[in-house]
Chemist: 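Got a structure for you, questions after.
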Amino acid sequence: MINATAPTHETPRRLAGKVVLVSGGGTGIGRAAALAYAREGANVALAGRRAAEIEATARDIALAGGDALPIVTDVSQEDDIRRLLAAVTAHYGRLDVAFNNAGIIGNFAPITEQSSEDFDRVIAINLRGVWLAMKYEIETFLAQRSGGVIINTSSWLTHGALAGSSSYSASKGALDAMIRAVALEYSGQGIRVNNINPGIIDTPMARGSVADSAAFAPFIAHTPAGRLGESEDIGDVALWLATDEARFITGQSLLVDGGYTIAGMR
Ligand SMILES: NC(=O)c1ccc[n+]([C@@H]2O[C@H](COP(=O)([O-])OP(=O)(O)OC[C@H]3O[C@@H](n4cnc5c(N)ncnc54)[C@H](O)[C@@H]3O)[C@@H](O)[C@H]2O)c1
């Protein structure tokens with residue numbers, strides 16, 4: 001006898017058989033996204049500067065029954081990016097989705113207290129690194145004749161301001177402008193390019209930028225959601241943007257900030 005209330009099949013996993021590349025996948029937002037991609041059946045390549053961190057994420061994915069490949073990479077180095085894409089396609093045979101998420105906060109200080117080297121370093125990783133990654137990822141998609149999805153991590157700071165953020169904000173604001181052009185260039189080939197603009201998310205980066213957690217109180221007080229973001233809040237959006245459910249979205253920078261920006265930042 002058939003029990004009509006029992007499910008007759010498992011829900012298909014949303015990224016089954018896909019290959020996803022995550023940069024900065026050893027910590028914070030990148031790690032949460034990598035775990036979400038793997039949960040939905042993707043093979044996950046993890047790029048990051050520190051081997052121990054990306055290896056730990058790879059181990060956790062394997063323990064949960066998934067498949068991950070850690071590849072030590074400095075995203076600001078063109079040779080590293082070339083080698084990264086070559087390693088991913090050699091190992092998994094293809095690339096379907098890239099989450100270009102690695103970034104640094106840099107020297108968060110008033111402009112007169114920053115050096116031009118501070119500025120160059122933030123731009124090299126947060127902006128040039130994403131430009132480089134997109135260039136080689138799109139070349140890979142075109143060579144496969146497959147289409148593909150790119151998601152980059154921008155910031156709520158492209159809509160607001162914090163004293164000390166001039167270099168960081170410049171790097172992220174440029175990402176929002178840049179993807180509109182890239183999305184136009186390749187939408188005809190089935191390639192979607194979007195940014196996620198997180199609010200303040202409780203990650204090693206955010207913790208490292210304040211003396212103690214009391215510094216977050218004013219942000220929480222002015223966030224309609226009533227809390228800081230968690231890495232999973234962003235990882236789950238990075239997952240959704242990678243799926244076919246987001247097939248009609250391209251060239252967009254999506255604020256994921258619990259309403260902080262629309263409520264008027266203080
Ligand atoms: N936490 C926040 O409040 C917040 C808000 C808005 C945007 N973001 C952005 O989110 C992204 C992820 O940051 P997070 O908050 O998870 O912090 P995080 O410091 O945990 O993650 C950043 C990751 O990038 C990696 N990385 C840094 N430079 C690299 C390089 N040159 N090559 C390869 N990997 C490198 C780090 O090793 C780290 O794993 C960053 O782009 C950050 O700017 C964070």
Chemist: Could you note down all residue pairs passing side chain to side chain donor-acceptor pair (under 3.5 Å) where residues 204-220 supplies at least one of them, sequence neighbours left out?
Modeler: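 Residue pairs passing side chain to side chain donor-acceptor pair (under 3.5 Å), neighbours aside: D202-R207.
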Chemist: Under the side chain to side chain contact (heavy atoms under 4.5 Å, CB included) rule, collect the residues that match up with F119, sequence neighbours excluded.
Modeler: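 With neighbours one apart ignored, the set is I123, S167, A170.
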Chemist: Return the set of residues passing side chain to side chain donor-acceptor pair (under 3.5 Å) with E53 (not counting sequence neighbours), or none when no residue passes.
Modeler: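 With sequence neighbours excluded, E53 shows a side chain to side chain donor-acceptor pair (under 3.5 Å) to R50, given in chain and number order.
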Chemist: Which residue pairs satisfy the salt bridge (charged side-chain N to carboxylate O under 4.0 Å, His left out) criterion with at least one member in residues 234-257, sequence neighbours excluded?
Modeler: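 Output for this query lists R14-E245, R39-D236.
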Chemist: Is any NZ, NE, NH1 or NH2 atom of the basic residue among E78 and R82 found under 4.0 Å from an Asp or Glu carboxylate oxygen of the other?
Modeler: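 Salt bridge between E78 and R82, a charged N being under 4.0 Å from a carboxylate O: yes.
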Chemist: Considering all heavy atoms of both residues, which atom of A34 and which atom of L46 are nearest to each other, and what is their separation?
Modeler: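 Taking A34 first and L46 second, the nearest heavy atoms are CB-CD2, 3.5 Å.
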Chemist: Taking side chain to side chain donor-acceptor pair (under 3.5 Å) as the test, write out the residues that go with S171, two or more places apart.
Modeler: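 Listed in chain order: N126.
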Chemist: Is the CD1 atom of I111 crowded by more than 12 outside heavy atoms at less than 6.0 Å?
Modeler: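 Incorrect, the count does not exceed 12.
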Chemist: Just to verify, what does S165 make a side chain to side chain donor-acceptor pair (under 3.5 Å) with, not counting sequence neighbours?
Modeler: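 S165: side chain to side chain donor-acceptor pair (under 3.5 Å) contacts with S169.
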Chemist: By salt bridge (Lys or Arg N to Asp or Glu O under 4.0 Å), which residues pair with R83, not counting sequence neighbours?
Modeler: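 Only D80 meet the salt bridge (Lys or Arg N to Asp or Glu O under 4.0 Å) criterion with R83.
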Chemist: Would Q144 and D96 count as a side chain to side chain donor-acceptor pair (under 3.5 Å) here? Give the steps.
Modeler: CA-CA 10 Å; Q144 292 171 178; D96 298 291; 4.9 Å; no
Chemist: Sequence neighbours left out, cut at 3.5 Å: what donor-acceptor pairs do the side chains of residues 101-110 make with other protein atoms?
Modeler:
residue : atom : partner : partner atom : Å
N101    : OD1  : T153    : OG1          : 2.8
N101    : ND2  : S23     : O            : 3.1
N107    : ND2  : E113    : O            : 3.3
N107    : ND2  : D118    : OD2          : 2.8

Chemist: Quick check: are there more than 12 heavy atoms from other residues, nucleotides or ligands sitting under 6.0 Å from CZ of R94?
Modeler: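 Yes - once you tally the heavy atoms of other residues, nucleotides and ligands closer than 6.0 Å, there are more than 12.
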Chemist: Check this for me, if you would: do K135 and E139 make a salt bridge, where the nitrogen-to-carboxylate-oxygen distance has to be below 4.0 angstrom?
Modeler: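 Salt bridge between K135 and E139, a charged N being under 4.0 Å from a carboxylate O: yes.
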Chemist: Y92 and D67: side chain to side chain donor-acceptor pair (under 3.5 Å), yes or no, with the steps?
Modeler: CA-CA 10 Å; Y92 287 124; D67 191 284; 2.5 Å; yes
Chemist: I need the full list of salt bridge (charged side-chain N to carboxylate O under 4.0 Å, His left out) pairs touching residues 184-195, with sequence neighbours left out, sorted by first then second residue.
Modeler: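 For residues 184-195, and leaving out neighbouring residues, there are no salt bridge (charged side-chain N to carboxylate O under 4.0 Å, His left out) pairs at all.
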Chemist: In the structure I gave you, are the side-chain heavy atoms of L142 and I191 within less than 4.5 Å of one another anywhere?
Modeler: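 A side-chain contact under 4.5 Å exists here.
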Chemist: Which residue pairs pass the salt bridge (charged side-chain N to carboxylate O under 4.0 Å, His left out) test with at least one member in residues 163-176, sequence neighbours excluded?
Modeler: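 Counting only pairs at least two positions apart or across chains, no salt bridge (charged side-chain N to carboxylate O under 4.0 Å, His left out) contact touches residues 163-176.
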Chemist: Please tell me whether L95 and L132 are part of a single hydrophobic cluster in this structure, the criterion being side-chain heavy atoms less than 4.5 Å apart.
Modeler: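 Yes, same cluster.
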Chemist: Can you sort out the partners of E232 under side chain to side chain donor-acceptor pair (under 3.5 Å), two or more places apart, ordered by chain and number?
Modeler: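 Per chain and number, E232 pairs via side chain to side chain donor-acceptor pair (under 3.5 Å) with no residue.
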Chemist: Looking only at heavy atoms, what is the nearest atom pair of I71 and A45, with distance?
Modeler: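 Looking at all heavy atoms of both residues, the closest pair is CD1-CB, 4.4 Å.
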Chemist: Test: salt bridge (charged side-chain N to carboxylate O under 4.0 Å, His left out). Region: residues 143-157. Which pairs qualify, not counting sequence neighbours?
Modeler: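 Matches after skipping sequence neighbours: none remain.
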